[in-house]
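Let me begin by presenting the structure, written as structure tokens, before commenting on it.
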Amino acid sequence: MNSKNTKQKFVYGLRKLHLLQLADNVRYLLSIKNTRQENHQFINDHPDFNLPPSFLAYDAYGHTNWPVYYHSGIAHAKYICKLIDENLASQELSICEWGCGPARILRHIRSFLDKSNTQLHGFDYNARSISWCQGNIDDINFMSNSVNPPLPCEDNSFDCLYNLSVFTHLSERMHIDWIRELGRVVKPGGLIIFTTHGDFFKFNLLDDELTEYESGSLVVRGHIKEGKRCFVAYHPPAFIKSELLQNGLEMISHLPGPALEDFPQDVWVIRNNKPC
Ligand SMILES: C[S@@+](CC[C@H](N)C(=O)[O-])C[C@H]1O[C@@H](n2cnc3c(N)ncnc32)[C@H](O)[C@@H]1O
């Protein structure tokens, strides 16, 4: 058995015993300790950059490293904006990030968008993240939602809704309910961009999980609160195509991971072709 498999089996055991959250709390303390020096330097170099509380960063990202929060946020915002520019012509856009966490990406979007009038919205089910964003990030409308749909907004509110690593923490039922909800809030002709744990992550799967994945089924590791980082789903592309891309959702592109720097998830760019 290789060491990767040993680690996955150990985590599997913790999950089954409902001890994974406890182990993750210990890992959080280690992360604080291990990033202390680097973070101290970052704060000295970027005195005007508002940082979220460490526990909120860890809840969303599984680390508390400020240089990574800052640089990956810029790189991923730039990437999302390139996809928006390539696929939406209008100069006046309403853009939403669902599952924005402490705004790692959303806070940088305006700097990369070649559009004159952009409204930005961020949603997350962690109400404490949203409350931090509301108090610390200007010119973006932040609101919390529950783990289940709906989002607190009207039909056809957005030209583009993107989410990075949110479906990766939901059950199959929630995939079906949320994709329908995203289709509701995005305008006809609008864009939905999302990411998944695709083939790149097969190395992580235990034998039974791999068999399930190869058969085209979603693989879900639960026994922990849904929507949290340790609740994990793996997505065979066949599952996305057959179960999620329905009701007028048309694939523009599927970019297998690693499509983004330091982020090996698959990226899906979808057009909402529902009737006007
Ligand atoms: C892995 S983090 C990614 C955060 C952010 N997308 C980023 O890449 O910086 C997943 C985020 O999705 C949020 N989340 C999970 N389930 C959600 C749901 N049903 N509705 C809204 N947000 C959700 C979590 O609270 C967390 O902030």
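Nothing here was measured: the structure is a model prediction, and the numbers come from that model. Every number for a ligand or one of its atoms is a count from 1 in the order of the listing.
Aromatic ring centres of Trp98 and Phe167 lie closer together than 6.0 Å. Centroid-to-centroid, the aromatic rings of His63 and Tyr69 stay 6.0 Å apart or farther.
In terms of protein heavy-atom proximity, atom 26 (C) of ligand 1 is closest to Asp124 OD2, 3.6 Å. Among all protein heavy atoms, the one lying closest to atom 1 (C) of ligand 1 is Ala60 O, 3.0 Å. In terms of protein heavy-atom proximity, atom 17 (C) of ligand 1 is nearest to Tyr125 CD2, 3.8 Å. Atom 8 (O) of ligand 1 has as its closest protein heavy atom Arg104 NH2, 2.9 Å. In terms of protein heavy-atom proximity, atom 4 (C) of ligand 1 is nearest to Gly99 O, 3.4 Å. Gly227 CA, 3.6 Å is the protein heavy atom nearest to atom 16 (N) of ligand 1. The single protein non-hydrogen atom nearest to atom 3 (C) of ligand 1 is Leu164 O, 3.6 Å, given as residue, atom name and distance. Nearest protein heavy-atom neighbour of atom 10 (C) of ligand 1: Ser165 O, 3.3 Å.
Of all the heavy atoms of Tyr61, the ones lying under 4.0 Å from any atom of ligand 1 belong exclusively to the side chain. Residue contacts with ligand 1, taken as heavy atom pairs separated by less than 4.0 Å, involve His169 solely via side-chain atoms from C-beta onward. With a heavy-atom cut-off of 4.0 Å, Glu97 touches ligand 1 through its side chain alone. Residue-level proximity to ligand 1 for Ile105 is carried by the side chain, the only part with a heavy atom below 4.0 angstrom. Contacts of Asn145 with ligand 1, taken as heavy-atom pairs under 4.0 Å, involve the side chain alone.
If you chain together hydrophobic residues whose side chains sit under 4.5 Å apart, Leu83 and Leu88 fall into the same group.
Using cut-offs of 30° and 60° on the angle between ring planes, the pair Tyr28 and Tyr58 is tilted. Ring geometry for Phe158 against Phe123 counts as perpendicular: the plane angle is over 60°, on a 0 to 90° scale with 30° as the lower cut.
A salt bridge links Arg229 with Asp24; the closest basic N to acidic carboxylate O contact falls under 4.0 Å.
Arg107 forms a cation-pi arrangement with Phe49, by the criterion of a distance under 6.0 Å to the ring centre and an angle within 45° of the ring axis.
With hydrogens and angles left out, the side-chain atoms of Thr195 and Trp268 include no donor and acceptor closer than 3.5 Å. For the residue pair Arg221/Gln8, the side-chain donor-acceptor check at 3.5 Å is satisfied.
Remark: distances from the non-hydrogen atoms of Ser129 to ligand 1 are all 4.0 Å or more. In this structure, Trp98 is part of the shell of residues with a heavy atom less than 4.0 angstrom from ligand 1.
Heavy-atom contacts from other residues, nucleotides or ligands closer than 6.0 Å to CG of Asp208 number 12 or fewer.
With Lys274 contributing its side chain and Val186 its backbone, the two residues share a donor-acceptor pair below 3.5 Å.
Close contacts between ligand 1 and Trp178 involve ligand atoms 19 (N) [criterion: under 4.0 Å to a heavy atom]. Under a 4.0 Å criterion applied to the non-hydrogen atoms of Gly101, ligand 1 contributes the atoms 27 (O). For ligand 1, the atoms lying closer than 4.0 Å to a non-hydrogen atom of Val147 are 19 (N).
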